[in-house]
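Throughout, protein chains are lettered first and strands after them, A, B, ... in sequence-line order, and every chain is numbered starting at 1.
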Number of protein chains: 2
Amino acid sequence: MKVATEDYRALAALRYRIRLFLSEGDEAARRGGLEPQQYQLLLALRGLPEDAEATIYTLADRLSLKHNSTVELIDRMEKRKFVHRTRSRDDARCVLVSLLPRGEEAVQEVARQRITELRAGGTALVDALEMLLKRTPESRRKKKTRGVTI
Amino acid sequence: MKVATEDYRALAALRYRIRLFLSEGDEAARRGGLEPQQYQLLLALRGLPEDAEATIYTLADRLSLKHNSTVELIDRMEKRKFVHRTRSRDDARCVLVSLLPRGEEAVQEVARQRITELRAGGTALVDALEMLLKRTPESRRKKKTRGVTI
DNA sequence: TCCAATTATATCGTAATACGATATATATTG
DNA sequence: CAATATATATCGTATTACGATATAATTGGA
């Protein structure tokens with residue numbers, strides 16, 4: 001079963017939009033002296049839901065990374081004094097990660113800019129997504145005739 | 001000017017949603033034997049708008065990468081026989097990148113799965129985005145009182 | 001027409017990233 | 001209590017991404 005060029009274009013366009021959006025944030029992070037993933041870690045720490053503990057397990061989930069990647073990311077950030085680890089009292093297997101003042105400042109700096117920029121890029125992203133999800137009538141017709149996987 | 005915890009949470013939630021969405025695609029790519037960015041390159045190639053030429057300059061833009069990163073990505077994919085370069089006749093500075101059959105097959109395999117998965121993740125992403133963009137009435141009130149940057 | 005400026009791509013160096021594999025310690029389960 | 005599961009750390013390897021630098025081709029203005 002072949003994928004129509006149209007679908008490729010829609011997929012590519014969506015990823016382009018997402019990538020544009022994300023790279024704006026990456027640049028904001030870099031301006032604030034952080035690598036993109038480092039900012040994401042700090043943001044995940046700072047923006048954890050109330051009921052969540054900042055274990056490596058949890059952070060790995062929030063960052064959609066394997067635990068070992070998360071460990072190393074935290075290693076580097078601990079080295080730079082942005083975060084620091086403590087062993088949990090409740091469960092000695094668990095490490096809790098917390099923001100240091102330096103990390104708090106850094107994430108704030110970037111987040112502030114990010115909030116400002118968000119309105120600009122966000123709408124285009126929603127549009128691209130909705131377009132892809134809704135599909136054109138043309139695409140819908142194709143679906144029927146070809147038993148497309150969706 | 002401080003960023004409210006609520007805003008951090010919204011930003012973090014959005015990135016989480018995006019990251020979930022993207023990591024699904026990453027996994028599909030890996031199942032197809034491609035690294036995530038490699039799949040993105042193939043997709044960008046396959047999904048270029050009609051009026052676009054697959055120069056490194058253009059691909060770098062579509063992937064939101066610096067040109068040198070794009071060059072190296074193409075290097076690796078050319079090595080693996082997924083794509084191949086030809087020097088443009090119109091402008092001898094320009095290299096044109098094209099998909100080889102192997103690349104065509106690979107991108108199709110992943111794109112097919114991706115189209116299937118898209119409906120599942122896409123809606124949640126739109127919701128998270130719209131929530132952040134719209135803001136809650138609570139956030140709007142805060143904006144007025146604090147002269148928030150948005 | 002000529003040449004400086006600009007553009008497109010390639011290479012190098014470096015740090016970060018991400019995964020699979022493996023290891024150790026702690027908690028849970030039957 | 002032993003077996004199993006869970007949480008984190010370390011190692012090896014490939015990929016990625018950027019800044020810096022280099023080379024070649026094209027462009028635009030004098």
Side-chain angles (χ1 to χ4, degrees), chain A residues 15 19 22-42 44 52-80 82-98 106, chain B residues 19 22-42 44 52-80 82-98:
Chain A
R15 286 307 284 247
R19 191 60 215 156
L22 294 182
S23 64
E24 284 163 10
D26 291 352
E27 275 164 38
R30 285 203 171 94
R31 285 198 300 270
L34 297 169
E35 288 293 327
Q37 280 297 79
Q38 294 175 356
Y39 164 63
Q40 291 311 315
L41 173 67
L42 298 185
E53 274 198 312
T55 60
I56 288 180
Y57 180 83
T58 296
L59 290 171
D61 176 60
R62 299 294 291 185
L63 298 170
S64 292
L65 296 176
K66 296 291 161 72
H67 86 262
N68 32 339
S69 303
T70 310
V71 165
E72 286 167 356
L73 180 56
I74 291 162
D75 286 347
R76 288 190 293 272
M77 293 307 274
E78 197 175 21
K79 194 175 206 172
R80 292 181 64 186
F82 285 106
V83 304
H84 116 283
R85 283 174 167 87
T86 48
R87 187 65 56 170
S88 167
R89 292 185 184 218
D90 297 337
D91 181 340
R93 292 172 302 183
C94 292
V95 160
L96 297 177
V97 185
S98 53
Chain B
R19 191 60 215 155
L22 294 182
S23 64
E24 285 162 11
D26 292 352
E27 275 164 39
R30 286 204 171 95
R31 286 197 299 271
L34 298 169
E35 289 293 328
Q37 281 297 80
Q38 295 176 358
Y39 165 63
Q40 292 310 314
L41 172 68
L42 298 184
E53 272 197 314
T55 61
I56 288 178
Y57 179 83
T58 296
L59 290 170
D61 176 59
R62 297 296 288 187
L63 297 170
S64 293
L65 295 175
K66 296 291 160 71
H67 87 261
N68 34 337
S69 303
T70 308
V71 166
E72 285 165 0
L73 180 55
I74 291 163
D75 286 348
R76 289 190 291 272
M77 293 305 275
E78 196 175 24
K79 195 174 205 173
R80 293 182 63 187
F82 285 106
V83 305
H84 118 281
R85 284 172 166 92
T86 48
R87 188 65 55 171
S88 167
R89 292 185 185 222
D90 298 334
D91 181 340
R93 293 172 303 183
C94 290
V95 160
L96 296 177
V97 185
S98 52

Is there a side-chain contact between Pro36(A) and Arg30(A) (heavy atoms, below 4.5 Å)?
-> yes

Can Arg80(B) and Asp75(B) be counted as an ion pair, charged N to O under 4.0 angstrom?
-> no

Starting from P on dA7(D), measure out to CG on Asp61(A) and report it in whole angstrom.
-> 12 Å

DNA chain C: Ala92(A) or Glu35(A), which has the more 5' nearest nucleotide?
-> Glu35(A)

Round to a whole Å and report the spacing from CD of Gln38(B) to P of dA17(D).
-> 10 Å

Check against side-chain contact (heavy atoms from CB on, under 4.5 Å), Leu63(A) and Arg19(B) | CA-CA 7 Å; Leu63(A) 298 170; Arg19(B) 191 60 215 155; 5.7 Å; no

Are OP1 or OP2 of dC18(D) and a side-chain N or O of Ser69(B) less than 4.0 angstrom apart?
-> yes

Donor-acceptor pair under 3.5 Å: do we get one between Glu72(A)'s side chain and the base of dC11(D)?
-> yes

Is the shortest heavy-atom distance from the side chain of Met77(B) to the side chain of Leu41(B) under 4.5 Å?
-> yes

Heavy atoms under 4.0 Å, any strand shown: does Arg76(A) hit a base, just sugar-phosphate, or nothing?
-> base

Arg87(B) has an atom CZ; how far is it from atom C1' of dT23(D), in whole Å?
-> 11 Å

Verify side-chain contact (heavy atoms from CB on, under 4.5 Å) between Val95(A) and Thr55(A), making sure each step is shown before the conclusion.
-> CA-CA 6 Å; Val95(A) 160; Thr55(A) 60; over 6 Å; no

Provide, to the nearest angstrom, the distance between the CD1 atom belonging to Ile74(A) and the P atom belonging to dA9(D).
-> 7 Å

Map Val71(A) and Arg30(A) onto DNA chain D by nearest heavy atom, then report which one ends up closer to the 5' terminus.
-> Val71(A)

Output a table of nitrogen or oxygen pairs between the protein and nucleotides 21-23 of chain C separated by less than 3.5 Å.
| from | atom 1 | to | atom 2 | distance (Å) |
| --- | --- | --- | --- | --- |
| dA21(C) | N6 | Asn68(A) | ND2 | 3.3 |

Whole-Å distance between dT17(C) C1' and Leu34(A) CG?
-> 15 Å

Could you work out which one of dA18(C), dA10(C), dT8(D) sits closest to the side chain of Arg85(B)?
-> dA10(C)

Non-hydrogen side-chain atoms of Asp26(A) and Glu35(A) separated by less than 4.5 Å = no

Comparing Asp90(A) and Gln37(A) on DNA chain C - which has the more 5′ nearest nucleotide | Gln37(A)

Given atom CD of Glu53(B) and atom P of dT9(C), what is their separation to the nearest angstrom?
-> 10 Å

Between dT11(C) (P) and Asp75(B) (CG): distance, integer Å = 6 Å

Is there a side-chain contact (heavy atoms from CB on, under 4.5 Å) between Arg85(A) and Ile74(A) once you walk through the steps?
-> CA-CA 9 Å; Arg85(A) 283 174 167 87; Ile74(A) 291 162; 3.4 Å; yes

Does Tyr57(A) reach the side chain of Thr70(A), with side-chain heavy atoms less than 4.5 Å apart?
-> no

For nucleotides 4-8 of chain C, give me every protein contact, N/O to N/O, under 3.5 Å, one pair per line with atom names.
| from | atom 1 | to | atom 2 | distance (Å) |
| --- | --- | --- | --- | --- |
| dT7(C) | O2 | Arg93(B) | NH1 | 3.2 |

Interatomic distance where CZ belongs to Phe82(A) and P belongs to dA16(C) [whole Å] | 11 Å

Candidate pair Leu22(A) and Glu27(A), rule side-chain contact (heavy atoms from CB on, under 4.5 Å), full reasoning = CA-CA 9 Å; Leu22(A) 294 182; Glu27(A) 275 164 38; over 6 Å; no

Heavy atoms, side chains only, cut-off 4.5 Å: are Leu42(A) and Val83(A) in contact?
-> yes

